[in-house]
Amino acid sequence: MENPLLLFPQLNISASKDKPYYKVMKSAIKEEPHKASKPGAKQKRNRLSLLLQKPEFHEGDHLGKPGNLTKAASVSPEEAVKWGESFDKLLSEKAGLDAFTKFLKSEFSEENIEFWIACEDYKKSKSMRELLPKAKTIFETFIQKDAPKEVNLDFHTKEVTSQNIGQPLPTTFDAAQTTVYRLMEQDSYPRFLRSEPYLSLVKGRSPARPTLRRRSRSFTVNDFQGVRPDFTVW
């Protein structure tokens, strides 16, 4: 059989002219993905390496660890023992308030102490201009129905507080704050005093890793009527 290039010389000319072009394109097609993939993979590795070096990337690793419940190095056993004298004594000291707040976070019930702190800040407002926005924020965050951090208030207290939001006074949240304070004092505070992290502080040793509890059911004031809490440290 005769060579088709001899029968159709124009094919030979076209092929001879285009052959170098196809070689170049074929080579480029093979090389370009290879070259593009290397920098991409390298950049991904570099970004991941930088991410792992950032402190905030590891913050989740420390959630719930005993070192975060309180700064053991800065709290003496004598100071920790005083926290057991009364709930008011615990909240009056910055280290005690911080330790109790972190304890409530481990139980997923920190909205109570956050509400109490917000009320304390609210009462320090010096003018109506400060009271109005703070009152609205506290109400929408902690009191109104389906609030993101709704605290457990009886119907009467919630109604009275809601009615006073339109014209807030420094005392607007007093009843609600007192209710939440008593719930924490009679429910969460005794558990805090029996918790391993607190007992470890009293004994002057580093607390062991705690076991996170499931969120306990919300209590009301009626649950504790006639009950005297036991604050004994074992």
All ring pair (Phe, Tyr, Trp, His ring centres under 6.0 Å) counterparts of Tyr122, not counting sequence neighbours: Phe173

Nearest heavy-atom neighbours spanning Glu79 and Val75: OE1-CA, 3.8 Å

Leu183 side chain reached by Val151 side chain, heavy atoms, under 4.5 Å: no

Contacts satisfying salt bridge (Lys or Arg N to Asp or Glu O under 4.0 Å) that involve residues 156-169 (not counting sequence neighbours) are Glu150-Lys158

If you look only at pairs with a residue in residues 122-148, which of them pass as a salt bridge (Lys or Arg N to Asp or Glu O under 4.0 Å), with sequence neighbours excluded? Glu120-Lys123, Asp121-Lys134

How long is the gap from SG on Cys119 to CD on Glu114, to the nearest 0.5 Å? 12.0 Å

Nearest 0.5 Å, please: how far is CD in Glu196 from CG in Leu201? 9.0 Å

Measure across Ala147 and Ile143 and return the closest heavy-atom pair with its distance rounded to 0.1 Å. CB-N, 4.1 Å

Test applied, ring-ring contact (aromatic ring centres under 6.0 Å, His included); reference residue, Tyr181; option that passes from Phe115, Tyr189, Phe87: Phe87

Please list every donor-acceptor pair under 3.5 Å in which a side-chain atom of residues 163-170 meets a protein atom from a residue at least two apart or in another chain.
from: Asn164; atom 1: ND2; to: Val160; atom 2: O; distance (Å): 3.1

Validation row: Pro77, Val202 side chains within 4.5 angstrom (heavy atoms): no

Mind checking what makes ring pair (Phe, Tyr, Trp, His ring centres under 6.0 Å) contact with Phe192, not counting sequence neighbours? Phe100, Phe103, Tyr198

Mind checking what makes side chain to side chain donor-acceptor pair (under 3.5 Å) contact with Thr157, not counting sequence neighbours? Asp154

Ignoring hydrogens, what is the shortest heavy-atom contact between Thr161 and Thr172? Give both atom names and the distance. CG2-O, 4.1 Å

Asp98/Lys102 ion pair, N-O < 4.0 Å: yes

